[in-house]
Chemist: 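Okay, here's the structure, questions in a sec.
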2 protein chains.
Amino acid sequence: MSEHPNIQEAKRPERATADTVAKLAGVSRVAVSRAFNPHASLKKEKRDLILKIAKELGYTPDMAGRALVTRRSHLVGVIVPDVCSPWESQEIDALTTALQGEGFATLLFKTRTDQSMDERLLTYMKGFNLDSIIAFAENVSPDTLTHSLGRAVPIYVSYSEDGSLPNQPGSTSVFDRLIVDQKTGIDQAVALMQAYGCKDFAYLGGTTTSLANTERERAFKSIMKERGLPEPLVLQGDYTYETALASTLDLFKVGEGVDGIFSANDVGAFGVIDALRFQLGLRVPEDVKVVGFDDIAQSGWLSYNLTTVKIDLEDRVRALVRLILRRLKDPNAPAMTETLQTRLIVRGTVGS
Amino acid sequence: MSEHPNIQEAKRPERATADTVAKLAGVSRVAVSRAFNPHASLKKEKRDLILKIAKELGYTPDMAGRALVTRRSHLVGVIVPDVCSPWESQEIDALTTALQGEGFATLLFKTRTDQSMDERLLTYMKGFNLDSIIAFAENVSPDTLTHSLGRAVPIYVSYSEDGSLPNQPGSTSVFDRLIVDQKTGIDQAVALMQAYGCKDFAYLGGTTTSLANTERERAFKSIMKERGLPEPLVLQGDYTYETALASTLDLFKVGEGVDGIFSANDVGAFGVIDALRFQLGLRVPEDVKVVGFDDIAQSGWLSYNLTTVKIDLEDRVRALVRLILRRLKDPNAPAMTETLQTRLIVRGTVGS
DNA sequence: ATTTAAAATGAACACGTTTTCATTATTCGT
DNA sequence: ACGAATAATGAAAACGTGTTCATTTTAAAT
């Protein structure tokens with residue numbers, strides 16, 4: 001009966017290995033490996049026995065050992081400047097859920113606050129043999145990434161068809177891309193603001209090095225021109241509440257007659273709204289109309305009830321995961337591009 | 001000169017290995033390994049040469065190979081029900097920063113929304129050979145964790161000295177613990193509410209299975225009793241804005257005369273405030289006083305300007321990392337306990 | 001019943017590192 | 001200048017797995 005030693009008896013229960021299971025099941029170690037790979041050919045009853053004993057022993061294939069030979073770490077790196085930022089935390093959340101479902105785990109890395117990509121961080125990341133990399137800090141140079149990383153497949157998110165980035169003729173690297181068409185949503189926003197009588201527009205930017213901000217600003221200005229509106233005022237920002245608040249205060253200190261503010265992200269819009277309402281004594285939307293970008297969860301909260309341009313997070317994450325899995329299955333596949341739409345969510349910060 | 005083949009020439013630049021570097025530097029692979037371990041004994045000039053060539057080649061020690069022999073993955077698992085929750089995202093952010101500084105990476109795992117700990121998730125995690133695990137989903141049974149995980153060292157966060165959890169006499173497992181003394185902060189909160197004339201208190205709970213909530217409710221009730229106040233009304237909650245909003249609406253629908261609400265977390269408090277102000281036409285703090293718990297970034301935003309009990313995040317993360325590193329250095333060290341204090345941050349939702 | 005194809009199996013090797021261990025080169029004290 | 005202590009060095013083994021390959025077993029086809 002008890003031909004094998006009681007596992008619990010050992011003071012430090014040594015991690016069960018494939019050999020342990022094999023010996024107990026009376027099969028070779030290879031069989032154990034096969035039992036955990038659904039596509040391997042193995043007699044059904046033998047697989048069942050192995051799996052049963054494995055569960056009994058609490059055995060799980062060691063990822064490190066597996067990664068060494070398969071050259072797949074099942075690790076996806078996510079680089080963020082700030083996890084707390086609601087949009088990013090929501091995306092990380094969705095991404096983690098989706099990846100976990102596919103058998104991948106999310107590895108988190110933080111850039112410095114100035115978003116300057118640290119050489120040390122990159123070589124550090126390289127050591128983990130990431131299967132793929134998603135960089136939210138979009139100012140990371142694609143060449144830097146490619147050069148500094150191993151087998152990982154970076155995916156680039158750009159914000160316009162003629163995006164200023166990757167796949168340059170000179171570069172041999174090929175990037176899968178996710179293009180977000182922001183113009184449609186922003187146009188709807190401007191149209192609405194215009195319909196409610198906005199005359200004097202301002203654009204509150206995000207971090208200036210961020211690609212999302214650059215392209216958002218470009219789209220906004222282009223729309224203004226198309227609609228025959230004057231060049232908008234541009235406020236300095238960095239996606240944070242505090243800076244947005246301060247910038248708004250500065251703006252109205254010099255007595256500008258701005259009556260419509262478009263913020264590069266929702267959190268910034270919150271700062272704008274709070275500055276207007278609580279420090280400048282102005283009403284939103286009666287005196288000044290405000291529109292944000294992202295549609296994070298907080299935008300639906302009644303205190304802000306923000307009208308904002310939405311990127312569908314579900315769609316976005318689905319597309320990202322699709323790109324990752326495809327690239328993983330065939331590393332030589334040609335570069336692929338997914339496109340995402342944006343649309344305006346109308347709430348209470350523009351009209352009644 | 002060019003005795004070695006040009007790396008760039010290869011179509012798929014094979015990942016440089018320790019052997020590659022060794023051959024180029026004219027040393028043994030062992031020397032390369034030693035060059036990357038500061039404590040190993042190696043002639044300075046030789047180490048410099050190796051490091052130079054390594055950088056040139058973009059070589060980084062492979063973590064998988066290293067983990068296999070050192071039995072240290074340099075991976076710390078973080079289990080969360082919801083990354084978007086501000087408090088948790090802030091903690092993840094701080095944790096990632098701190099761990100990254102110590103050479104560890106953060107691996108993210110999500111529990112199901114009902115927080116029921118999935119057996120499959122655990123065995124899945126086990127495969128990664130985590131060095132340590134921090135479980136935010138506090139309802140995970142400690143025995144389950146210990147049994148299902150490998151060398152990882154879980155850390156438990158409890159919320160009272162006589163905490164109802166780990167280190168039971170029967171269990172052989174030893175847990176390092178972080179105790180958060182919430183009573184001090186909550187007492188200050190109640191004192192302030194009382195000073196501003198609160199008579200009729202209510203407690204808005206978090207997820208009922210959460211240890212933080214259980215202990216928070218216990219502390220609140222105990223304080224009420226100590227101060228000779230009547231047993232408070234308890235509102236059902238789950239830490240979300242939406243539920244808090246709905247619960248508050250329900251509360252005042254039956255015409256209760258509650259004039260002081262303490263929420264188990266800040267996000268819940270936001271829901272309470274918005275329900276009062278925008279749906280019930282009541283003023284905060286004039287008609288009803290509200291206090292939250294956590295002191296997340298949003299609590300300082302002017303629209304809410306929430307008075308709340310603060311757990312110092314920096315302290316908390318520092319303590320966690322300290323526990324992890326100590327346990328990693330000496331797996332046999334006796335269980336250790338760190339304690340954290342809480343204190344009230346006074347803003348505008350109680351008095352003027 | 002016999003041939004043919006397919007499925008199942010295990011031995012040996014490979015993945016990239018760190019860690020003994022025994023050996024050689026260096027420094028130190030007098 | 002000499003023995004003793006110390007630092008530096010590389011060969012071989014180990015970590016836990018997946019994959020080839022040649023062999024054996026089973027099933028299918030005539």
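Just so we're on the same page: letters track the sequence lines, and every chain starts at 1.
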Chemist: Counting side-chain heavy atoms from C-beta on, which of D:dT9, C:dT9, D:dG18 comes nearest to A:Leu42?
Modeler: C:dT9

Chemist: Measure CE/B:Met63 against C1'/D:dG16 and give the value in whole Å, please.
Modeler: 18 Å

Chemist: Heavy atoms from C-beta onward define the side chain here; which of C:dG10, C:dC15, C:dA8 lies closest to that of A:Val27?
Modeler: C:dG10

Chemist: For B:Arg34, answer base if it contacts any base atom (sugar-phosphate contacts may also be present), sugar-phosphate if it contacts only those atoms, and nothing otherwise; contact means non-hydrogen atoms under 4.0 Å.
Modeler: base

Chemist: In this structure, how many angstroms lie between the P atom of D:dG10 and the CG atom of B:Asp19, rounded?
Modeler: 13 Å

Chemist: With a 4.5 Å cut-off on side-chain heavy atoms, are A:Leu75 and B:Leu107 touching?
Modeler: yes

Chemist: Among the nucleotides D:dT19, D:dG18, D:dA8, which one has an atom lying closest to any side-chain atom of A:Val69?
Modeler: D:dG18

Chemist: Expressed in angstrom and rounded to an integer, what is the separation of B:Arg15 atom CZ from C:dC15 atom P?
Modeler: 13 Å

Chemist: Can we say A:Asp131 and A:Arg327 salt-bridge, meaning some charged N sits less than 4.0 Å from an Asp/Glu carboxylate O?
Modeler: no

Chemist: Look at the side chain of B:Val30 and decide which nucleotide, out of C:dG16, D:dG18, D:dG10, has an atom nearest to it.
Modeler: D:dG10

Chemist: Whole Å only: how far is the NZ atom of A:Lys44 from the C1' atom of C:dA6?
Modeler: 20 Å

Chemist: Answer with yes or no whether A:Arg29 presents, from its side chain, a donor or acceptor under 3.5 Å of a partner atom in the base of D:dG18.
Modeler: yes

Chemist: If only side-chain N and O atoms count, and only distance matters, is there a donor-acceptor pair under 3.5 Å linking A:Thr97 with B:Lys110?
Modeler: yes

Chemist: Among A:Lys46, A:Lys52, A:Lys44, which one satisfies side-chain hydrogen bond (donor to acceptor under 3.5 Å, both in side chains) with A:Asp48?
Modeler: A:Lys44

Chemist: Please report the shortest heavy-atom distance between B:Ala98 and B:Val321, naming the atom on each side.
Modeler: CB-CG2, 3.7 Å

Chemist: When we call it a touch if two heavy atoms are under 4.0 Å apart, what does B:Thr17 touch: a base, just sugar-phosphate, or nothing?
Modeler: sugar-phosphate

Chemist: OP1 or OP2 of C:dT17 sitting under 4.0 Å from any side-chain N/O of B:Ser33?
Modeler: no

Chemist: For C:dT9, does either OP1 or OP2 sit under 4.0 Å from a side-chain N or O belonging to A:Lys46?
Modeler: yes

Chemist: Compare side-chain N and O positions of B:Thr70 against OP1 and OP2 of C:dT18 and report whether any pair is under 4.0 Å apart.
Modeler: no

Chemist: Report which part of the nucleic acid A:Tyr59 touches: base, sugar-phosphate, or nothing (heavy-atom distance under 4.0 Å, all strands).
Modeler: sugar-phosphate

Chemist: Within this structure, what is the CZ-to-P distance between B:Arg72 and C:dT17, rounded to whole angstrom?
Modeler: 19 Å

Chemist: Measure the distance from NZ on B:Lys126 to P on D:dG16 and round it to the nearest whole Å.
Modeler: 13 Å

Chemist: Would you say C:dA7 has OP1 or OP2 under 4.0 Å from some side-chain N or O of A:Lys43?
Modeler: no

Chemist: Without decimals, in angstroms, what is the distance between B:Lys23 NZ and D:dG10 P?
Modeler: 14 Å

Chemist: So, B:Tyr124 versus A:Phe104, ring centres under 6.0 angstrom or not?
Modeler: no

Chemist: Tell me the interatomic distance from B:Arg71, atom CZ, to C:dT19, atom P, rounded to whole angstroms.
Modeler: 12 Å

Chemist: Can you see if the side chain of B:Ser28 gets near the phosphate of D:dG10 - specifically, an N or O under 4.0 Å from OP1 or OP2?
Modeler: yes

